[in-house]
S.K.: 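Structure incoming, see below.
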Amino acid sequence: MTKSKPQTNESSPTTKSPKSTSESTAKSTTEELRAKAEETREELGETVQSLAEKTDVKARAQEKAMAARQQLDEKTAQARTQLQEKAAHAAHLVREKTPEPVRAKAVATSEQIRDKATQVGQLARDKAPEPVLEKASQGVDLARANRTPLFVATGVLVVTLLVARRVRRSR
């Protein structure tokens with residue numbers, strides 16, 4: 001028996017060699033792995049960005065501060081409106097229940113008080129030392145710059161006093 005050499009398919013042009021099949025499979029697997037790696041990178045990037053946004057304490061604090069400020073502005077506007085309505089109602093009630101002679105006397109008295117306050121203010125300006133005048137001027141400027149909060153605080157005070165007075169009378 002003679003030993004013959006096994007035939008290989010490399011010489012045959014119609015048959016694919018096992019080596020070329022494994023190369024194409026390897027190429028497709030490599031491409032799939034690269035695509036999967038790219039997809040994973042994108043997902044990881046999005047996750048990192050999301051985590052960075054969550055850990056950005058300064059930005060989150062600013063967002064919360066803005067939300068709180070908007071809420072405070074809304075509540076302040078609502079309170080201001082309610083106070084204005086209550087103050088107008090209280091003024092109407094006072095005018096309605098106060099007899100005319102008393103109102104006339106109140107107007108005359110308020111004019112006298114205004115005149116006296118003007119005289120006292122002028123006297124104080126003439127006799128007050130310069131540092132006191134500067135502090136008083138700063139206080140006046142501050143009051144003028146913050147008129148709305150002052151009016152709101154005054155309105156709250158007036159309404160509170162009226163309510164307290166009414167409660168004391170009803171006891």
S.K.: Do Val163 and Val94 land in one hydrophobic cluster if side-chain heavy atoms of ILVMFWY residues count as linked below 4.5 Å?
M.R.: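 The answer is no; the residues belong to distinct hydrophobic clusters.
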S.K.: Answer yes if the side chains of His89 and Glu85 hold a donor-acceptor pair under 3.5 Å, and no otherwise.
M.R.: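 No donor-acceptor contact under 3.5 Å links the two side chains.
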S.K.: Quick one: pull up CZ in Arg69 and OG1 in Thr76 and give me the separation to the nearest 0.5 Å.
M.R.: 10.0 Å
S.K.: What I want to find out is whether Arg34 reaches Glu31 closely enough, with some N-O distance under 4.0 Å, to be called a salt bridge.
M.R.: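 Salt bridge absent between Arg34 and Glu31.
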S.K.: Measure the spacing between CG of Leu51 and CD of Glu46 and express it to the nearest 0.5 Å.
M.R.: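 Result: 12.0 Å between the selected atoms.
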S.K.: Which atom pair, heavy atoms only, marks the closest approach of Arg147 to Arg144?
M.R.: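 Shortest heavy-atom contact: CG-O, 3.3 Å.
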S.K.: Rounded to the nearest 0.5 Å, what separation is found between the CD atom of Glu100 and the CZ atom of Arg103?
M.R.: 4.5 Å
S.K.: Should Val152 and Val158 be counted in the same cluster of Ile, Leu, Val, Met, Phe, Trp and Tyr side chains packed under 4.5 Å apart?
M.R.: no
S.K.: Could you state the interatomic distance from CZ (Phe151) to CD (Gln84), rounded to the nearest 0.5 Å?
M.R.: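 Going from the CZ atom of Phe151 to the CD atom of Gln84 covers 10.5 Å.
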S.K.: Do Leu123 and Lys127 touch side chain to side chain, with heavy atoms closer than 4.5 Å?
M.R.: yes
S.K.: Taking atom types as modelled, find out whether Asp126 and Gln122 have a side-chain donor-acceptor pair closer than 3.5 angstrom.
M.R.: yes
S.K.: For residues Glu96 and His92, determine if any side-chain heavy atom of one lies less than 4.5 Å from a side-chain heavy atom of the other.
M.R.: yes
S.K.: Would you say the side-chain atoms of Thr160 pair up with the backbone N or O of Val156, donor to acceptor, closer than 3.5 Å?
M.R.: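 Answer holds: yes.
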S.K.: CG of Leu142 to OG of Ser137: how many Å apart, nearest 0.5 Å?
M.R.: 11.0 Å
S.K.: Over all heavy atoms of both residues, which pair between Ala90 and Leu162 is shortest? Give the atoms and the distance, please.
M.R.: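 Closest pair (atom of Ala90, atom of Leu162, distance): CB-CD1, 3.7 Å.
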S.K.: Can you tell whether the side chains of Arg41 and Glu38 come within less than 4.0 Å, N to carboxylate O?
M.R.: yes
S.K.: Which distance, rounded to the nearest 0.5 Å, do you find between the CG of Leu161 and the CG of Leu157?
M.R.: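 It comes to 4.5 Å.
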S.K.: Going through the distances and angles, do Thr148 and Arg80 end up as a side-chain contact (heavy atoms from CB on, under 4.5 Å)?
M.R.: CA-CA 9 Å; Thr148 302; Arg80 182 182 304 127; 3.4 Å; yes
